[in-house]
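In this text, all values refer to a predicted model and were calculated from it rather than measured experimentally.
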Amino acid sequence: MRPSYVMFADGFEEIEALTVVDVMRRAGMPVVTMSIYETPEAIGAHGVTVVADEAFNPDLLEDAEWLICPGGMPGATNLADNATLCEILKEQDEKGEKIAAICASPSVIFGPLGLLEGRNAVCYPGMEDGMEGAQVLNQPVVVDGNIITGMGPASAAKFALAIVSNTVGEDVANEVAAGMLL
């Protein structure tokens, strides 16, 4: 299994980012946290400083199982402002490889990049205008082909479990969920 990458930028939503990392690691998936900066530090939307596993290194992202964008503001905007990351996300999708975004990120990153065109997706309520070309649903998590989107902080565990299920199977996802008393 190839490593997956959870991207960190200042203003990221802590619950979304760290829940995804935790759940994926509980499932035995190799997951790497990566800041979009020259240093590994990023400060969350609620003042939590995280030291990511890696500073921004586009070369590592070329063979990713998943590229995952947490939400939070201005975290999603900061991710969207990284032109290199956006190009890598588009390339990942064009290859049919897996990408995921939650909360503001589907609307702020994926929609404007054209990644949601003709797809079912979800975002943080009130941010639907950025979901260009998507059929926006009203549910916690949406899986459409190689893309998973999540609504927001309350759906972070379901979002992470959908990534686990899509990668290593529903049995593993159910086992992890049971261990977390979900």
Side-chain angles (χ1 to χ4, degrees), residues 3-25 29 31-58 60-61 64-93 97-116 119 121-132 134 136 140-142 147-164:
S4 296
Y5 294 86
V6 179
M7 306 308 299
F8 283 72
D10 288 344
F12 70 92
E13 172 54 59
E14 293 94 339
I15 290 172
E16 295 162 357
L18 297 175
T19 298
V20 169
V21 173
D22 179 271
V23 169
M24 291 174 72
R25 288 185 178 168
M29 294 175 64
V31 60
V32 178
T33 57
M34 181 180 284
S35 83
I36 62 163
Y37 307 114
E38 293 179 4
T39 63
E41 292 85 13
I43 301 171
H46 301 97
V48 177
T49 299
V50 170
V51 179
D53 299 319
E54 297 282 344
F56 193 60
N57 183 345
L60 292 177
L61 303 177
E65 182 85 27
W66 284 95
L67 296 177
I68 303 163
C69 297
M73 291 300 276
T77 301
N78 289 335
L79 290 175
D81 287 344
N82 185 309
T84 301
L85 174 62
C86 289
E87 190 57 38
I88 292 168
L89 286 165
K90 289 193 297 190
E91 290 170 4
Q92 181 91 342
D93 182 54
E97 296 290 341
K98 301 169 186 172
I99 57 176
I102 186 170
C103 193
S105 287
S107 175
V108 174
I109 305 168
F110 284 18
L113 290 176
L115 302 175
L116 301 178
R119 297 183 186 257
V122 68
C123 66
Y124 192 82
M127 300 195 78
E128 294 83 5
D129 286 350
M131 302 288 282
E132 298 169 27
V136 180
V141 176
V142 174
I147 296 179
I148 296 177
T149 53
M151 192 174 273
S155 57
K158 288 180 182 178
F159 175 74
L161 288 166
I163 292 169
V164 169

Visitor: Going through the distances and angles, do Ile88 and Leu67 end up as a side chain to side chain contact (heavy atoms under 4.5 Å, CB included)?
Guide: CA-CA 9 Å; Ile88 292 168; Leu67 296 177; 3.6 Å; yes
Visitor: Would you say the side chain of Asp81 lies within less than 4.5 Å of the side chain of Thr77, judging by non-hydrogen atoms?
Guide: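 Touching, per the 4.5 Å side-chain cut-off.
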Visitor: Hey, does Leu85 have a side-chain heavy atom less than 4.5 Å from the side chain of Ile36?
Guide: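 The answer is yes, as the side chains (C-beta and beyond) meet within the 4.5 Å cut-off.
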Visitor: Do Ser107 and Glu128 come within less than 4.5 Å of each other through their side chains, counting heavy atoms only?
Guide: no
Visitor: Taking the side chain as everything from C-beta on, heavy atoms only, tell me whether Leu115 gets closer than 4.5 Å to Lys90.
Guide: yes
Visitor: To check you understand the geometry: which heavy-atom pair defines the closest contact between Ser4 and Met24, and what is its length?
Guide: CB-CE, 3.5 Å
Visitor: Using every non-hydrogen atom in the two residues, find where Gly71 and Ser105 come nearest and quote the distance to one decimal.
Guide: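 Answer, listing the atom of Gly71 first, then Ser105: CA-OG, 3.7 Å.
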Visitor: For Tyr124, does the OH atom have more than 12 heavy-atom neighbours from other residues, nucleotides or ligands under 6.0 Å away?
Guide: no
Visitor: Which atoms form the tightest heavy-atom contact between Val31 and Asp53, and what is the distance?
Guide: O-OD2, 4.0 Å
Visitor: Which value, rounded to the nearest 0.5 Å, describes the distance between Cys69 atom SG and Leu79 atom CG?
Guide: 5.5 Å
Visitor: With side chains defined as the heavy atoms from C-beta onward, is the minimum distance between Val23 and Phe159 less than 4.5 Å?
Guide: no
Visitor: At what distance, to the nearest 0.5 angstrom, does CG of Asp93 lie from CZ of Phe110?
Guide: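 Interatomic distance, Asp93 CG to Phe110 CZ, rounded to 0.5 Å: 8.0 Å.
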Visitor: Considering residues at least two apart in sequence or located in another chain, which fulfil the ring pair (Phe, Tyr, Trp, His ring centres under 6.0 Å) criterion with Phe12?
Guide: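 For Phe12, the residues satisfying ring pair (Phe, Tyr, Trp, His ring centres under 6.0 Å) (neighbours in sequence not counted) are Phe8.
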Visitor: I'd like to know whether Ile68 forms a side chain to side chain contact (heavy atoms under 4.5 Å, CB included) with Ile163, so could you lay out the CA-CA distance, the side-chain angles of the two residues, the decisive distance to 0.1 Å, and finally the verdict.
Guide: CA-CA 10 Å; Ile68 303 163; Ile163 292 169; 3.9 Å; yes
Visitor: I need the full list of salt bridge (Lys or Arg N to Asp or Glu O under 4.0 Å) pairs touching residues 64-80, with sequence neighbours left out, sorted by first then second residue.
Guide: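 Those involving residues 64-80 are Arg2-Glu65, Glu65-Lys98.
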Visitor: Heavy atoms only: give me the nearest Pro106-Cys123 pair and the separation to one decimal.
Guide: CB-CB, 4.1 Å
Visitor: Taking all non-hydrogen atoms of both residues into account, name the closest pair between Met34 and Ala55 and its distance.
Guide: CG-O, 3.6 Å
Visitor: Taking all non-hydrogen atoms of both residues into account, name the closest pair between Tyr5 and Ala64 and its distance.
Guide: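 Minimum heavy-atom contact is CD1-CB, 3.7 Å.
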Visitor: Do Met151 and Pro125 have side-chain heavy atoms sitting under 4.5 Å apart?
Guide: yes
Visitor: Please name all residues satisfying salt bridge (charged side-chain N to carboxylate O under 4.0 Å, His left out) with Glu14, sequence neighbours left out, ordered by chain then number.
Guide: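 Partners of Glu14 by the salt bridge (charged side-chain N to carboxylate O under 4.0 Å, His left out) criterion come out as none, since no residue qualifies.
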Visitor: Show, in sequence, the C-alpha distance, side-chain angles and deciding distance for Glu13 and His46, and conclude whether the side chain to side chain contact (heavy atoms under 4.5 Å, CB included) test is met.
Guide: CA-CA 8 Å; Glu13 172 54 59; His46 301 97; 3.3 Å; yes
Visitor: Would Asn57 and Leu61 count as a side chain to side chain contact (heavy atoms under 4.5 Å, CB included) here? Give the steps.
Guide: CA-CA 7 Å; Asn57 183 345; Leu61 303 177; over 6 Å; no
Visitor: If I take atom CE from residue Met73 and atom CG from residue Asn78, how far apart are they, to the nearest 0.5 angstrom?
Guide: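 With rounding to 0.5 Å, CE (Met73) is 8.5 Å from CG (Asn78).
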Visitor: Can you tell me how far OG1 of Thr84 sits from CZ of Phe56, rounded to the nearest 0.5 angstrom?
Guide: 5.5 Å
